[in-house]
Amino acid sequence: MKTKKKKSSIKNDSAHIVTESVKAYLAGNTLKLVFFVIMFAIMAMLSFFRVATTNTILSFNMKNYEVGQISDITIIATKTLPSDYDNPVSVEKGEKVVRKGFPITEEGYAKMKKMSESKAYIDYRAFANSVLYIILWSALYFFLFGKTSLNKICELKEIITVNIFFSITFAAVVFGMKTTWFANPYSINILLPTVFFTFLVAILFGQMDAVFFAILEAFVILGASGYMIVTFLYSLCIAFAAARIVRRIERRIDLVFASAVQGFLCAAFLLVFRIIFSSMLSSWMFSLLGVAFTGFISGILCLGFITPLEYLLNSASVFRLMDLSDTHNPIMQSMMINAGGTYNHSLMVAQLAEAACNRIGANSLLARVGGYYHDIGKIDNPEYFTENQNGQNIHDELNPSLSVSVIRNHVKKGVEKAAELRLPPQVVAIISEHHGNQVLRGFYVKAKEADPSVKPEDYSYTGNPPGSKESGVVMLADTVEAACRSLDNPSASRIEKFIQELITNKINENQLQNCPLTFQDLALIKEAFVQILTSFYHSRVKYPDQKDPETGQTAEAVLGDKTLEKVRNEGEESGK
């Protein structure tokens, strides 16, 4: 009895956990689900239109049947249809029009044609099959655009964008198939906006997003085209190619060259599939030239659409980041004038972060921009930060709690300025996370000496530890650059040992626990930092005629004076 109660209690607890999980998911993704339902409804309506305007019987196209063919199904009339001028045959409800395993007679074929072309007849089975297909496609949609596959939470703006793209693609194929020019599986490819949409997704949201979009886009086209395998394979190939081609573009002119390559690939893929499937269509040249033009014009159109979409979606696209990396923009110029030390520090952090991200395969451009902007919160009160002070530390005269309040407030001000500038969320995240929640050790120790009851939390930054590789790298670059400035005799070995110690401290303080940096990544990051800082702090030989700015003497004169004085001292010592 107790065992049964225990099992029942476990089941109730499990059901409760599942229910709460579902409620939490629905509460956190309400808008995403609303827009998905809208897209699902649009696709369902377009599927109904396609079925209602296509000559099908039990979801089979009439083009697949002819007189004398052995029928593979038994078709029973679902309603009575009187004869008319176009189809002078009548059909009685419940009548077996054709029988499975028997040849299709002329009368049976005429009745099938009558049923398929009648406005009173709609193939609901074909429509149900389409809805079932969209449901299966939806499962793939939620899997590919989920956190597990993308390794990130897909934002609402991306969901809305791809939903619009899927709906447009479905409509383009459905309506295109109703025309005479684009009714076959080769010419319909001219109308596919696959390359255009894949370019946009890759530039706005990233290559992995574009790859998953390409897969879903191909299956959308498969369902909308009545399951034409050639169109499906062609769409998949050109979408993968488009996602790969734009992976490394950095300038807008690069997109023009990418468009030319994409146009050639579109024609090549279609030609290969025409050969594989032995299609001898008379309009094959029209199809090849058409898809080549579509592939090329897609990139040109992308140039026109990408700028307004960048600002509308506030995305960290490559072009947007390149614009932000221009240090002649007003905010960076303001930093150079009002906080020169912070400006030089930011340039160095950006250089370190970019080099490190190149080593580990992260987004180096995002890291560089994050390095430029991570300390924009210091512009208003630059004198409170060491790099802007000229030998006199203002904090020597302040209470530690007040100093901490001013210092950690630069992160909050940086986020506020970033919001005013409408910087992409990825850059804002770097600004808010570049100090994490670590303790300001110097002020904490000073306060602890005066009052042993103080808590570390009161002397810590209030942000979150880095949540991305780029954010983690900027945190390390910021720490390393600032700390190495105070290092005496910065030789390569000393710098390497010091950097390793700084990285280890970050790990021990749990500042890297939320970002996906591995120990191998950290080793490569350290190598990049050591290489740059060693070259930056390397010693230089003084020129013989170089004068000392204080004494006005040359290096040789100073050296001679020191040597003479040394000889005199040695003589005095020997005399004693």
Specify whether Phe165 and Phe197 have parallel, tilted or perpendicular ring planes, treating 30° as the upper limit for parallel and 60° as the lower limit for perpendicular.
parallel
side-chain contact (heavy atoms from CB on, under 4.5 Å) between Leu324 and Asn329, worked out:
CA-CA 8 Å; Leu324 292 173; Asn329 62 64; 5.8 Å; no
Regarding His345 and Asp478, do their side chains bring together a donor and an acceptor under 3.5 Å, going by distance alone?
yes
Asn464 side chain to Ser432 side chain, donor-acceptor N/O pair below 3.5 angstrom
no
Could you walk me through whether Val411 and His434 pass side-chain contact (heavy atoms from CB on, under 4.5 Å), step by step?
CA-CA 8 Å; Val411 177; His434 77 276; 4.0 Å; yes
Any non-hydrogen side-chain atom of Arg320 less than 4.5 Å from a side-chain atom of Tyr311?
yes
May I ask you to check whether Tyr141 and Phe36 place their ring centres under 6.0 Å from each other?
yes
Could you walk me through whether Asp254 and Arg251 pass the salt bridge (Lys or Arg N to Asp or Glu O under 4.0 Å) test, one step at a time?
CA-CA 5 Å; Asp254 294 339; Arg251 301 171 300 168; 3.2 Å; yes
Quiz question: by atom type and distance under 3.5 Å, do the side chains of Gln500 and Thr504 form a donor-acceptor pair?
yes
Give every donor-acceptor pair under 3.5 Å between a side-chain atom in residues 259-271 and any protein atom, sequence neighbours left out.
unit_1	atom_1	unit_2	atom_2	d
Ser259	OG	Leu255	O	2.7
Gln262	OE1	Ala242	N	3.3
Gln262	NE2	Ile238	O	3.3

For Met336, I'd like to know if atom CE has over 12 heavy atoms of other residues, nucleotides or ligands within 6.0 Å.
yes
Please identify each residue that fulfils salt bridge (Lys or Arg N to Asp or Glu O under 4.0 Å) with Glu527, with sequence neighbours left out.
Arg359
Say whether Thr169 and Glu217, considering side chains only, have a donor N or O and an acceptor N or O under 3.5 Å apart.
yes
Indicate the ring-plane relationship of Phe145 and Phe212, choosing parallel, tilted or perpendicular according to the 30° and 60° boundaries.
perpendicular
Ser403: partners by side chain to side chain contact (heavy atoms under 4.5 Å, CB included), with sequence neighbours left out
His395, Leu398, Phe443
Kindly confirm or rule out a cation-pi arrangement of Arg274 over Tyr234, judged by NZ or CZ under 6.0 Å from the six-membered ring centre and within 45° of its axis?
no
What residues, two or more places apart in sequence or in another chain, satisfy ring-ring contact (aromatic ring centres under 6.0 Å, His included) together with Phe319?
none
Applying salt bridge (Lys or Arg N to Asp or Glu O under 4.0 Å), name anything that partners Glu155, two or more places apart in sequence or on another chain.
Lys157
Before you tell me yes or no, could you show the steps for Phe170 and Trp137 under ring-ring contact (aromatic ring centres under 6.0 Å, His included), namely the whole-Å CA-CA distance, both residues' side-chain angles and the distance that decides it to 0.1 Å?
CA-CA 13 Å; Phe170 201 96; Trp137 175 87; 8.6 Å; no
Sort and list the pairs that fulfil ring pair (Phe, Tyr, Trp, His ring centres under 6.0 Å) and have at least one residue in residues 458-513, not counting sequence neighbours.
His435-Tyr461
Go through the side-chain N and O atoms of Ser346 and Asp375 and say whether any donor and acceptor fall under 3.5 Å apart.
no
